[in-house]
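Okay, so here's the structure we're looking at.
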Amino acid sequence: MSSTKETKMLTFKIKRFNPAVDDKPYFDTFELECNEGTTVLIAIQELIAKQDGSIAMRYNCRAGVCGSCAVLVNKKYALACETLVLQLNKKEIKLEPLPFYPVIKDLVVDMSQFYEKLLAIEPYLKRDHSKDPEAEILQSPDDFHIIEESTKCILCGACHSSCVSVWTDKNYLGPGALLKAFRFANDTRDEDKRQRIKRVTAEDGVFRCHTAFNCVEACPKELNPTEAIQTLKRQSAKQTLKFWSRR
Amino acid sequence: MKLSPSQERVKLFIPKHSGSSAFWWVLQRLSGFFVFVFVFLHMVINHYLTLLMETEDIPELANGIASFQAVQWKMQNPLYFWVSILFVVFLIIHMLNGFRMVVLDVATGHSFRKIFGILLILVGILIVLYAFVLNSTVLSLG
Amino acid sequence: MAEKEVIVDQAQATTGSKLSNLLSWFNPFSRGVGMWAWIAQRLTGLFLVMYVFIHLGIIGTMLLDDFLGFNTGQLYNSITSAMSSPLIEVTGLPSIFEHVFSFAFFIDAALLAALVYHGYNGIRVVLFDLGIGIRKQKTVFWILLILGIISYFLAIWLILSVPAIVLSSGA
């Protein structure tokens, strides 16, 4: 370990809950020496290795690509692997699982409803494959630019957890799924735009979004699901109310 | 094909298509715009009309723009009569639809949503009729 | 498999009931301006719905004697003048603040605040629906809030400066 690195003693408060044993969630406090390269994920790994092996945490890629380590860090949505603890400028770091998901253990939440809603909008390219070209299906840079941002979603589930409409209406698709719906509905290679937009034209579809911008606030990748949902709303209204040119 | 339990749950999350949701969404915006304009006119005509015009010639306005005589005088104008009804129509659409959005955030049952929507439409029609009766009562005395 | 189901079911309880979810709207975590703007839009909206019902009800009451055929308009005038008469006597104020302590002024001030906020935030929401300024939502909010405050005080000034013309002393 190089001695040039500045280290700091930080307090970690982790929300612990094991439904099989505990009645209520409680906070555990740990102390850890951190340097400028320590991310929240590394800190938790060190805590698991050296202090308490029973802390549960989900992670895979450690580089902000897989989206499995989204947690609440000091009441803000963040990816544990991308958040440097010293840059938070806090002596005490509070870690909580994503709210409004059922807790499986400690920081691990059950995200099945998020994935099921995602599958409900059929997140895969639909087209008549018999007419496909021999090589790959090409797309112009301009066409890709429309959906470029929405392809960057890593499905961490932070937006779904932050959305006010999801809290009160469990059937609402949520910003994550609707961002995907936007991504496929506006993909020029996709041939099912009409059906896709029809599917989200519902009280539990796009029109449950009230533009509170919580998803934008929450997204660790700094995407803008609200803009995607607003575009879908306009497309949906146009398609639904244009009764004189229905196919 | 037999679906796995997870696929069954996916089917539950496919939203129930309703074209009227798009219609009400657009109408909420349009009526909001009209209410914005009409509320402004309402304030000016019912409270500040005297600032804008010479009032000495009109005896009905002697007791102030908010007095009963002044209301009767304004109601004689068919434009005022019908525009105020139109104002109530847009206001009721905007208001009850906004209230419906708040309730639908919490109430998720499809049949409840349907019944509640129909109920609100009936309430809206009743309120517009009530406003018409009020206006006609004032007019009939003039 | 069965054991896992039980665990998830127990954990489901930690996500809270419908009421606690509703109250968590007001729980300040990871929130931006947009969320508070939306909550305020909702609350002012519900307040205005309540006001419209009361307003229509009061107007109906004011016209009750005419509706029943007494044909005077006296009830109307007496209620309007009662509304604008001062609640407490405060002397020594500048003449523009003469009507501050009337029932009508309190109602009007609260109503206008709700109305101006709801209207201006409504413009903001419609702009977003048209796809304008979504990326700059916070700036749009502050600009419209400042415009709203200016128009609010303009309206308050109008209310205070012209009550005599609006209702001269009452019948």
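Residue numbers start from 1 in every chain, and the chains themselves are labelled A, B, ... in the order their sequence lines are given, proteins ahead of strands.
Side-chain contact between Phe33(B) and Ile123(C): absent, with no pair of heavy atoms (C-beta onward) separated by less than 4.5 Å. For the pair Asp105(B)/Arg42(C), a side-chain contact is recorded, criterion being any heavy-atom separation below 4.5 Å from C-beta on.
Residues Tyr120(C) and Phe36(B) come closest through the heavy atom pair N-CE1, 4.3 Å.
Pairs engaging residues 91-122 of chain B under the ring-ring contact (aromatic ring centres under 6.0 Å, His included) rule: Phe112(B)-Phe116(B) [sequence neighbours left out].
When the candidates Val88(B), Val133(B), Ile127(B), Val102(B) are compared by the number of heavy-atom contacts under 4.5 Å with chain C, Val102(B) comes out ahead.
Contact of Val35(B) with chain C is not made at all, since no heavy-atom distance falls under 4.5 Å. Residue contact with chain C, scored on non-hydrogen atoms closer than 4.5 Å, involves the side chain of Val71(B) exclusively. At a 4.5 Å heavy-atom cutoff, the contact between Leu56(C) and chain B is made by backbone and side-chain atoms alike.
With a 6.0 Å radius and a threshold of 12 heavy atoms from other residues, nucleotides or ligands, Phe40(B) has its CZ atom at or below the threshold.
For residues 125-153 of chain C, a heavy-atom distance under 4.5 Å to chain B picks out Val125(C), Val126(C), Asp129(C), given by residue number.
To the nearest 0.5 Å, the span separating CG on Leu91(B) from NE2 on His55(C) amounts to 9.0 Å. In this structure, CE in Met43(B) is found 5.5 Å from CG in Leu111(C), a value given to the nearest 0.5 Å.
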